[in-house]
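Shown next, in structure tokens, is the structure this report addresses.
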Amino acid sequence: MNVLIIPEDFRKDQYFLKPIIKAMLDKLGKPTARVQVCVNPRLQGVSEALKWDNIAAIIDQYGMVDLFLLCIDRDGNGDRKAKLTNLEQRAAEVLGKGDRKFLAENAWQEIEVWVLAGHELPKEWVWKEIRANANPKENYFYPYLEQRGFSKDDIGLKQASQAAANRYGRIRQLCPEDIQHLEDQISDWYTQKP
């Protein structure tokens, strides 16, 4: 199975998304799935990621991909999921009922929260507050990296993300609205595939 992760901007998000999605696919019994991150075209922000023309071009460009996963930040926007559902419906019209699928998910509130979910956090931090925070990257993620000695460069982000992915079950448990939902959708698609 070929999987393409479509982030809103791959420069940092690739380090978070690839290990977590690989861990998810391992859990689903697909350890040999080939997972890559879309770097061409480079989407530059959530507004670019939500444009149907950009998604259609990516689907067209990557003809060998079985599963497209658009993963963006929710950023406190309750309407974002409706926009993602619309993209899924439009993609379904293009892909038909074949063996290819496009799914879209928004992380509450940012992708970095998924990484935090895989770590033992300071006892004074309340998970519900982290998930609801409008700026968890600045208020929790980067302070956590600093506390735990992870650098904020690409190497540190990869290390923190891989450590989190190694505890995927915890991420899944703490992020049911997004990670578990995405996992369930992938599982449903794969079991019903022609």
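In this chain, numbering begins with 1 at the start of the sequence shown.
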Is the shortest heavy-atom distance from the side chain of V113 to the side chain of K137 under 4.5 Å?
-> no
Just by distance, with hydrogens left out, do Y168 and E183 show a side-chain donor and acceptor under 3.5 Å apart?
-> yes
Sub-4.5 Å side-chain heavy-atom contact between P41 and N54 | no
Non-hydrogen side-chain atoms of L174 and I179 separated by less than 4.5 Å = no
Side-chain touch W114/S161, heavy atoms, less than 4.5 angstrom = no
Applying ring pair (Phe, Tyr, Trp, His ring centres under 6.0 Å), which residue pairs with at least one partner in residues 2-57 are found, sequence neighbours left out?
-> F16-F141
So, N133 versus E129: side-chain donor-acceptor pair below 3.5 Å or not?
-> no
Does the pair K51/E48 count as a salt bridge with the N-to-O cut at 4.0 Å?
-> yes
Taking the side chain as every heavy atom from C-beta outward, state whether Y144 and E112 have any pair of such atoms under 4.5 Å apart.
-> no
Should E110 and R74 be marked as a salt bridge (Lys or Arg N to Asp or Glu O under 4.0 Å) after you check the CA-CA gap, both sets of side-chain angles, and the distance that decides it?
-> CA-CA 6 Å; E110 296 175 326; R74 183 173 187 254; over 6 Å; no
Salt-bridge criterion met for D188 and K101 (N-O under 4.0 Å) | no
Ignoring hydrogens and angles, write down the donor-acceptor pairs under 3.5 Å from the side chains of residues 56-70, residues two or more places apart or on other chains.
from, atom 1, to, atom 2, distance (Å)
Q61, NE2, N40, O, 3.2
Y62, OH, N40, O, 2.5
D66, OD2, N2, N, 2.7

Give, for atom OG of S187 and atom NZ of K30, the distance between the pair rounded to the nearest 0.5 Å.
-> 9.5 Å
Side-chain contact test, heavy atoms from C-beta onward, threshold under 4.5 Å: evaluate it for L25 versus K22 and give yes or no.
-> no
Would a 4.5 Å heavy-atom cut-off, applied to side chains only, mark V46 and D73 as touching?
-> no
By ring-ring contact (aromatic ring centres under 6.0 Å, His included), W125 pairs with (sequence neighbours left out) Y140
Is it true that D9 and R11 make a salt bridge, defined as a side-chain N closer than 4.0 Å to a carboxylate O?
-> yes
From R167 atom CZ to I20 atom CD1, the distance as rounded to the nearest 0.5 Å = 12.5 Å
